Each structure stands twice: as structure tokens, then as C-alpha cells.
Amino acid sequence: MLPIARGIYSGLANITRNSRAALHTASALRCKAEAAGEEKDATESTEGDGEDNSSGSASDPKDRSKLIPVETSIRYLKSAAYKQTYGEDFVWTQYRRNHKGMYAPRKTRKQCIRQNRITTGNPCPICRDEYLVLDYRNTELLEQFISPYSGDVLSYSKTGLCQKSHLRLQVAVQQARDSGYLTYDVPFREYDYNEYYGQGHKQKA
């Protein structure tokens with residue numbers, strides 16, 4: 001009886017293994033077909049908008065060789081996809097850094113993108129989303145990194161930006177202020193003109 005039972009068990013195991021392999025192959029082919037259909041639809045939609053779209057950037061999520069126009073980024077911040085991803089929070093609110101040990105390092109990494117590819121598993125809030133473009137015209141994004149109390153740019157230790165993205169953020173904020181896209185308060189200072197003109201000088205009202 002034992003050899004017969006062993007033969008029946010091996011036969012059932014082979015049938016189960018073959019059915020699982022066939023099911024996995026069918027599901028993989030179906031996923032590839034759906035991905036190809038989505039990629040085709042995305043390509044057609046971007047071609048209708050007059051934007052370039054390469055198949056490599058669509059298939060590889062770490063590819064950052066494609067340049068996103070700032071107008072597309074502005075529309076993205078007002079879209080339903082942005083609301084679904086971030087909700088009412090800022091883009092850096094839910095971000096958490098990965099680091100070794102108990103205490104976080106004093107500085108963030110130098111950069112997340114090297115040679116137009118993301119080289120880390122936990123990129124910063126700007127580098128992980130290619131549609132977040134740091135530009136002086138994209139004021140809705142820049143205001144998320146400015147303190148409402150002091151008007152200064154938030155530190156990278158709070159936002160989690162890499163050093164390169166933080167520098168680009170500071171440049172974009174300064175350009176926006178110089179161009180008039182962002183308003184800021186100039187601190188008022190009172191001077192004692194007697195130190196410059198002598199005791200007999202009267203201050204103008």
C-alpha cells in the first residue's frame with residue numbers, strides 16, 4: 001500500500017505544481033498586457049498634449065531623464081492624483097528618513113539622483129515624485145517649504161530634503177521673491193540718527 005500511496009501523492013504534487021506554474025504564467029502575461037495597454041494610453045495622451053514620453057521612463061520608475069515642464073507640475077498640484085497621494089498635508093509631512101542606529105545623522109544625503117537615476121531606496125520628498133518641479137513660478141509648491149511665522153525656508157532636517165534639492169529650493173525661493181511671485185516682509189529697524197549726525201539733528205516725523 002505504501003508504494004501506491006506514494007505514487008498517488010507524487011502525481012497529485014506534479015499536477016498541482018504544473019497548474020500553479022500555468023496560473024503564474026497566465027497572471028504574468030495578463031499583467032504585462034495591462035501594463036502595455038496603460039503605457040500605450042499614456043503615450044497617446046502625452047502625444048496629444050505635445051509632450052515627449054519615452055518607453056524607458058514609463059517602465060522604469062527610477063528613471064529621471066525625462067524633464068517635466070513647470071506648467072505640468074503646476075497642473076499636477078491641482079489635480080485629483082495629487083489629492084489622492086498627499087491629501088491636505090504637505091509633500092514632506094509623511095516622509096520619514098531611513099538611517100542606521102538610534103539617532104538620525106545631522107545632515108541628509110548629498111543627492112538622491114545620480115546620472116538621471118534614483119540611486120537610493122528612500123529618496124527625499126522632491127526626488128521621489130518627478131512631477132514636483134522646483135521652479136520660481138511654482139509658488140504653491142515653494143510655499144510648502146516656507147515657515148508661515150518667520151518667512152524663512154524650512155531646514156532640511158525638518159523637511160528631509162537632500163542637500164542638492166534643498167539648495168535648489170533656496171535658489172527658487174530667492175528667484176520667486178526677486179521676481180515678485182512671493183511676498184515677504186522686510187524687517188523694520190529704528191536708527192538713532194544722533195550717532196551719525198550729532199546731538200543737534202532732529203528726526204523727521
Side-chain angles (χ1 to χ4, degrees), residues 51 64 66-116 118-120 122-205:
E51 299 175 357
R64 290 296 182 268
K66 177 184 175 182
L67 297 178
I68 305 298
V70 64
E71 293 80 10
T72 305
S73 180
I74 295 174
R75 292 197 304 268
Y76 170 68
L77 292 175
K78 300 178 180 178
S79 64
Y82 175 83
K83 295 294 183 182
Q84 184 179 1
T85 304
Y86 300 100
E88 299 297 332
D89 298 330
F90 295 151
V91 296
W92 53 268
T93 304
Q94 301 296 332
Y95 177 77
R96 295 295 180 269
R97 294 175 56 189
N98 291 338
H99 56 82
K100 295 181 180 179
M102 184 182 302
Y103 302 102
R106 297 182 62 183
K107 281 190 175 183
T108 56
R109 64 176 63 92
K110 292 183 179 180
Q111 55 185 354
C112 303
I113 300 175
R114 292 180 175 87
Q115 296 180 356
N116 294 328
I118 295 179
T119 57
T120 178
N122 186 26
C124 71
I126 292 297
C127 296
R128 66 182 176 179
D129 195 341
E130 60 181 343
Y131 287 96
L132 298 178
V133 180
L134 291 175
D135 192 271
Y136 70 96
R137 292 166 290 179
N138 197 357
T139 57
E140 187 174 351
L141 178 61
L142 298 180
E143 288 175 350
Q144 298 185 16
F145 296 90
I146 298 177
S147 174
Y149 306 104
S150 62
D152 298 333
V153 178
L154 296 175
S155 174
Y156 51 79
S157 60
K158 183 177 182 63
T159 59
L161 295 182
C162 62
Q163 297 295 312
K164 187 174 182 180
S165 295
H166 186 70
L167 179 60
R168 289 167 50 210
L169 172 66
Q170 290 179 326
V171 172
V173 169
Q174 189 61 39
Q175 287 180 348
R177 288 174 175 174
D178 294 341
S179 303
Y181 287 93
L182 288 178
T183 59
Y184 63 99
D185 296 331
V186 178
F188 179 76
R189 297 180 180 180
E190 294 184 358
Y191 295 96
D192 186 6
Y193 292 96
N194 293 327
E195 297 180 358
Y196 303 96
Y197 299 102
Q199 298 294 331
H201 180 73
K202 294 182 180 181
Q203 297 184 3
K204 294 182 180 180

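All heavy atoms count here, side chains included; hydrogens, waters and symmetry mates do not. Residue numbers start at 1 and run along the sequence shown. Quick caveat, the model's predicted, so the values are computed rather than measured.
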Worksheet entry | Value rounded to 0.5 Å, distance of CG in Leu77 from OG1 in Thr139 | 9.5 Å
Item to complete: Locate the shortest heavy-atom distance separating Leu142 from Asp135; write the atom from each residue and the value.
Response: CD1-O, 3.4 Å
Worksheet entry | Backbone N/O of Tyr76 and side chain of Ser79: donor-acceptor pair under 3.5 Å | yes
Worksheet item: Minimum heavy-atom separation for Cys112 to Cys124, with atom names?
Response: SG-N, 3.4 Å
Item to complete: Determine the interplanar angle of the Tyr136 and Tyr181 rings, folded into 0 to 90°, and report it as parallel if under 30°, tilted if 30 to 60°, perpendicular if over 60°.
Response: perpendicular
Worksheet item: Are Lys83 and Lys78 close enough that some pair of their side-chain heavy atoms sits under 4.5 Å apart?
Response: no
Worksheet entry | Residue pair Ile118, Arg64: steps toward the side-chain contact (heavy atoms from CB on, under 4.5 Å) verdict | CA-CA 7 Å; Ile118 295 179; Arg64 290 296 182 268; 3.4 Å; yes
Discussion item. For Ile146 and Tyr184: C-alpha separation, side-chain torsions, deciding distance, then whether side-chain contact (heavy atoms from CB on, under 4.5 Å) applies.
Written reply: CA-CA 11 Å; Ile146 298 177; Tyr184 63 99; over 6 Å; no
Worksheet item: Is there a donor-acceptor pair under 3.5 Å between the side chain of Thr159 and the backbone N or O of Ser155?
Response: yes
Response to the item:
Rounding to 0.5 Å, atoms CG (Asp89) and CD (Gln144) come to a distance of 9.5 Å
Worksheet item: Nearest 0.5 Å, what's the NZ-OG1 distance between Lys158 and Thr93?
Response: 8.5 Å
Fill in: Least distance between heavy atoms, Leu141 atom then Val133 atom
CD2-O, 3.5 Å
Practice prompt. Sequence neighbours left out, what passes ring pair (Phe, Tyr, Trp, His ring centres under 6.0 Å) with Tyr86? Give chain and number order.
Written response: Tyr82
Practice prompt. Please tell me if the side chains of Ile74 and Glu140 come closer than 4.5 Å, counting only heavy atoms from C-beta onward.
Written response: no
Item to complete: Take Val91 and Phe145 through the test side-chain contact (heavy atoms from CB on, under 4.5 Å) and record every step on the way to the result.
Response: CA-CA 9 Å; Val91 296; Phe145 296 90; 3.7 Å; yes
Fill in: Minimum heavy-atom distance between Ile68 and Tyr131, given as atom pair plus value
CG2-CD2, 3.7 Å
Worksheet item: Looking at Pro123 and Tyr95, what are the two nearest heavy atoms and their distance?
Response: O-CE1, 3.0 Å
Show me the side-chain donor-acceptor pairs of residues 161-176 shorter than 3.5 Å, one per line, residues at least two apart or across chains.
residue : atom : partner : partner atom : Å
Gln163  : NE2  : Thr108  : OG1          : 3.1
His166  : NE2  : Gln170  : NE2          : 3.3
Gln174  : NE2  : Asp178  : OD1          : 3.3

Fill in: Pairwise side-chain hydrogen bond (donor to acceptor under 3.5 Å, both in side chains) hits with a residue in residues 96-106, at least two apart
none
